[in-house]
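Take a look at the structure set out below.
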Amino acid sequence: METPATTSVITAEDIENKGFVSVFDALEQTIGIQSYSYTGGQGDNGSSTGRTYIRGLDKGTLILLNGAPINLNNYNSTAGIPISAVERIEVVKGSNSVLYGSEAMGGVINIVTKKAGKVRNDIAITGGNINRAWEVNSRGDKYIVSFGREYFKEFKNSSMKYDNAYDTNRRAYNKDNLFASVSISKDLTLNYMHTEANNTGMNYLKPDASLAKTSYSYDDKRDNVALIYDDNNNKVKSNLTFNRRRVDGKQYKTDGTVARSGNSSNFVLYSINFDNNKKWDLSDKSSLLAGFTANKEKYKEIADSSHAIDRDSLGVYVSYDHKYTDRLSSVIGLRGHFVKDNGFDGAHNAYLPQLQTLYKINDATSLYVNVGKAFEMPAVNSKYSRSGTGANSALKPQEGWTYETGIKHITETSSTKFAVFNMQMDNKFAWRKYNQLGITPPAGVDPNTYIQVNLGKFRNTGVEFEYNKILSENWQYNAGFTYQNPEAKDSGTWEQQSARIQLTTGAKYSYSKLWVGMNLFYSGDREDATKKVAGKIHKLKDNIKLNAVISYAPDKNNSFKFNLYNLLDRDNVLNVSENLDRPFNWTLSYNHSF
């Protein structure tokens with residue numbers, strides 16, 4: 001009610017009710033959020049990084065873990081966050097660059113983990129037709145720690161027999177997760193997350209054998225460390241964050257010879273970020289918040305140390321909040337963000353204003369307006385892209401304005417939210433092949449190699465609606481929709497960028513120790529696929545997911561959960577390359593607490 005922006009909150013209860021198997025899965029089925037995934041329910045496949053984005057703008061969403069940023073190289077993968085550790089997921093849509101800086105163009109997602117508390121230990125075991133897992137958790141008055149392993153069997157991963165491309169593709173996946181949070185003092189917390197994933201698979205290429213069968217393996221290791229200081233008495237907040245990722249990829253033909261050259265599938269990248277702010281209450285009606293951010297990014301290819309680059313930036317920001325009356329308030333903010341010249345990307349100074357107003361019609365209803373400017377630098381490795389040559393031209397930052405207005409009506413038993421928005425951005429980032437651009441590639445580089453480029457403008461106008469209702473002690477349901485028109489101009493032509501329509505609805509019934517939940521998600525009127533079939537461009541198929549979950553807890557220490565994913569067994573397409581989501585699958589989980 002008090003936030004002058006479009007917001008959504010996914011609670012731990014929502015995660016249980018809807019049978020979400022990962023943070024990525026929970027975000028993917030949230031109104032206003034689109035996904036780009038390579039493996040169903042997880043997102044990543046080696047150096048091919050999945051991500052979630054808000055309102056159709058790829059590479060424009062910042063993800064925080066307990067307030068600390070985890071984005072790397074403009075990607076916001078959540079693959080390392082165990083879903084069992086999540087207390088809630090907060091989504092704030094619209095430009096948020098004043099407080100959060102670069103990458104918060106479409107919005108900000110803050111994943112809040114469970115806190116230390118009453119001593120509790122959990123052992124969970126999961127089995128299913130595609131994946132199985134185990135996990136152990138322990139919580140005390142000053143710590144929480146979780147360790148687990150997941151295994152995913154191979155399944156069909158490609159939906160089309162493309163021209164000059166893969167026929168079918170199968171992938172297996174396993175992942176180890178370690179998450180720990182320690183309360184060093186009342187105001188100081190240390191979070192640590194480590195993930196090791198391995199993707200293996202086989203690409204079966206053209207049936208006429210003009211391309212050879214290949215096998216591949218990717219080892220993906222990530223570390224996220226955050227020291228978070230939150231002093232409510234003095235209203236000071238700080239976080240020092242270190243994020244690191246290393247990917248080692250191998251791809252071979254069946255005769256043992258190398259199938260893919262280049263070093264961009266073998267790399268190390270990291271970022272160090274420090275943010276500090278303080279809030280002053282100027283009166284009973286106004287307050288001032290000021291802070292600064294320092295950031296360093298580094299990218300290096302493992303096989304060729306000459307392919308290395310880093311980037312430094314600094315941001316300073318101020319936000320003034322004033323209540324004119326008990327009903328009317330506003331927030332005025334400004335950030336100056338300064339990027340240092342690194343020899344490839346030139347120095348860039350951005351000044352980002354934001355104006356928000358909130359009018360409370362009554363205690364249950366509020367109107368708001370949110371207008372802000374945002375920007376994002378290109379990925380730090382854009383110099384090398386996928387060509388492995390360093391021949392790419394420097395990119396311009398993507399930047400522009402978001403305008404939105406909405407209404408919220410919230411009571412003890414229901415919530416209704418409706419928003420209208422418009423986005424206008426310049427220099428949108430995209431991937432294009434050399435031959436699409438009419439550019440002769442460097443010697444030895446395939447003309448079908450993708451490189452990062454700036455398109456022209458990006459625009460999107462749309463509406464969003466969410467409704468949640470508790471009908472009785474036993475029944476509750478939810479519904480929502482988005483209609484939008486995300487487009488980018490490429491060579492003078494406007495091209496659709498993501499799905500225009502999203503619908504979601506779900507219901508939960510509970511009785512005594514048993515509850516049943518069902519959730520339907522639909523994404524339609526989607527963009528064009530990147531590859532042709534029979535020489536023709538085609539649109540991506542509609543995405544329809546029907547999931548169900550049944551849970552039974554005979555006592556406070558034991559519980560069983562039966563998840564059913566993709567009940568309709570549809571070949572749901574995940575991305576413009578037409579990788580497929582998981583087919584119908586089920587899992588049965590048992591959790592014991594002591």
Strictly distance-based, threshold 3.5 Å: is any side-chain N or O of Asn277 a donor or acceptor partner for the main-chain N or O of Ala290?
no
Pair His322-Ser330, side-chain donor/acceptor within less than 3.5 Å
no
Do the ring planes of Phe274 and Phe292 sit parallel (below 30°), tilted (30 to 60°) or perpendicular (above 60°)?
tilted
In terms of side-chain heavy atoms, does Thr49 have a donor or acceptor partner in Arg245 at a distance below 3.5 Å?
yes
Step by step, would you call Tyr317 with Asp275 a side chain to side chain contact (heavy atoms under 4.5 Å, CB included)?
CA-CA 11 Å; Tyr317 56 94; Asp275 181 87; 3.1 Å; yes
Within a 6.0 Å radius of atom OH on Tyr100, are there more than 12 heavy atoms belonging to other residues, nucleotides or ligands?
no
Would you kindly check if the NZ (Lys) or CZ (Arg) of Arg51 is within the cone defined by 45 degrees around the ring axis of Tyr36 and under 6.0 Å from the six-membered ring centre?
yes
Taking the side chain as every heavy atom from C-beta outward, state whether Leu288 and Val318 have any pair of such atoms under 4.5 Å apart.
yes
Let me see the working for Lys221 and Asp219 under salt bridge (charged side-chain N to carboxylate O under 4.0 Å, His left out), right down to the final yes or no.
CA-CA 7 Å; Lys221 298 180 181 180; Asp219 291 315; over 6 Å; no
Check whether any side-chain heavy atom of Leu367 sits under 4.5 Å from a side-chain heavy atom of Thr405, and report yes or no.
no
Correct closest heavy-atom pair for Pro82 and Phe179 would be CG-CB, 3.9 Å
Would you say the side chains of Asn478 and Asn468 form a donor-acceptor pair under 3.5 Å?
no
Evaluate Lys417 against Glu464 for salt bridge (charged side-chain N to carboxylate O under 4.0 Å, His left out), listing each step before the verdict.
CA-CA 8 Å; Lys417 303 173 186 178; Glu464 294 172 346; over 6 Å; no
So does Gly56 get a backbone contact from the side chain of Gln34, meaning a donor-acceptor N/O pair under 3.5 Å?
yes
Neighbour count >12 (heavy atoms, 6.0 Å) for atom CG, Asp363
no
First locate atom CD1 of Ile272, then atom CZ of Phe242, and finally report the distance between them rounded to the nearest 0.5 Å.
6.0 Å
Is there a donor-acceptor contact under 3.5 Å linking the side chains of Arg120 and Ser593?
yes
Without swapping roles, check the side chain of Asn519 against the backbone of Lys18 for a donor-acceptor pair under 3.5 Å.
no
Answer yes if the side chains of Glu16 and Ser551 hold a donor-acceptor pair under 3.5 Å, and no otherwise.
no
Check: Asn131 main-chain N/O paired with Asn585 side-chain donor or acceptor under 3.5 Å
no
Less than 4.5 Å apart, side chain to side chain, heavy atoms only: is that true for Tyr565 and Ile130?
no
Should Glu28 and Ser37 be marked as a side chain to side chain donor-acceptor pair (under 3.5 Å) after you check the CA-CA gap, both sets of side-chain angles, and the distance that decides it?
CA-CA 9 Å; Glu28 183 182 31; Ser37 172; 5.7 Å; no
Ala5 and Val92: which non-hydrogen atoms are nearest, and at how many Å?
CB-CG1, 3.9 Å
Reported CG-to-OH distance for the pair Leu514 and Tyr552, which is rounded to 0.5 angstrom
8.0 Å
Keeping the roles fixed (side chain from Asn474, backbone from Ser510), state whether a donor-acceptor pair exists under 3.5 Å.
yes
Audit row: Tyr511, Val516, side chain to side chain contact (heavy atoms under 4.5 Å, CB included) steps and yes/no:
CA-CA 9 Å; Tyr511 179 76; Val516 180; over 6 Å; no
Closest contact, heavy atoms only, Leu65 versus Ile228:
O-CD1, 4.4 Å
Using side-chain heavy atoms (C-beta onward) and a distance below 4.5 Å, is Ile83 in contact with Ile15?
yes
Looking only at heavy atoms, what is the nearest atom pair of Ser286 and Tyr320, with distance?
CB-OH, 3.5 Å
Could you tell me if the side chain of Ser271 sits less than 4.5 Å from the side chain of Leu72, heavy atoms only?
yes
Kindly check if the number of other-residue, nucleotide or ligand heavy atoms within 6.0 Å of CG (Asp555) is above 12?
yes
Below 4.5 Å, heavy atoms only, C-beta onward: do Asp122 and His592 meet side chain to side chain?
no
Do Glu87 and Thr113 have side chains that get closer than 4.5 Å, going by heavy atoms?
no
Under 3.5 Å, side chain of Glu90 to main-chain N/O of Val112, donor-acceptor pair present?
no
State, without any angle test, whether Tyr229 and Asn276 hold a side-chain donor-acceptor pair at a distance under 3.5 Å.
no
Without swapping roles, check the side chain of Lys508 against the backbone of Asp14 for a donor-acceptor pair under 3.5 Å.
no
Lys513 side chain to Pro554 backbone, donor-acceptor under 3.5 Å
yes
So, Thr505 and Tyr522: side-chain donor and acceptor under 3.5 Å apart, yes or no?
no
Can you tell me if Asn243 uses its side chain to pair, donor with acceptor, with the backbone of Pro69 under 3.5 Å?
yes
Considering only heavy atoms from C-beta outward, does the side chain of Arg244 approach that of Val268 to under 4.5 Å?
yes
Face-on cation placement of Arg132 at Tyr151 ring, 6.0 Å and 45° thresholds
yes
Is the number of heavy atoms from other residues, nucleotides or ligands under 6.0 Å of Lys279 NZ greater than 12?
no
Closer than 3.5 angstrom, by distance alone: can the side chain of Asn76 be matched with the main-chain N or O of Thr52 as a donor-acceptor pair?
yes
Minimum-distance pair of heavy atoms, taken over all atoms of Gly94 and Arg55
N-NH1, 3.6 Å
Between Arg222 and Asp220, does any side-chain N to carboxylate O distance fall below 4.0 Å?
yes
Given Asn71, Thr293, Asn295, the one that forms side chain to side chain donor-acceptor pair (under 3.5 Å) with Asn273
Asn295
For the salt bridge (Lys or Arg N to Asp or Glu O under 4.0 Å) test, which of Lys323, Lys360, Arg327 pairs with Glu2?
Lys360
Does the side chain of Thr504 come under 3.5 Å of the side chain of Gln29 through a donor N or O and an acceptor N or O?
no
Nearest non-hydrogen partners of Ala364 and Thr411, listed with the distance
CB-CG2, 4.4 Å
Could you walk me through whether Asn137 and Ser146 pass the side chain to side chain donor-acceptor pair (under 3.5 Å) check?
CA-CA 4 Å; Asn137 304 301; Ser146 170; 2.6 Å; yes
Any side-chain donor paired with an acceptor under 3.5 Å for Thr3 and Tyr368?
no
Step by step, would you call Ile54 with Val91 a side chain to side chain contact (heavy atoms under 4.5 Å, CB included)?
CA-CA 9 Å; Ile54 296 174; Val91 180; 4.2 Å; yes
Going by distance alone, is a donor N or O of one side chain under 3.5 Å from an acceptor N or O of the other, for Glu466 and Ser8?
yes
Under 3.5 Å side-chain donor-acceptor pair for Asn370 and Gln354
yes
Could you walk me through whether Lys175 and Thr195 satisfy the side chain to side chain contact (heavy atoms under 4.5 Å, CB included) test, starting with their C-alpha distance in whole Å, then the side-chain angles of each, then the deciding distance to 0.1 Å, before giving a yes or no?
CA-CA 7 Å; Lys175 182 176 68 171; Thr195 304; 3.6 Å; yes
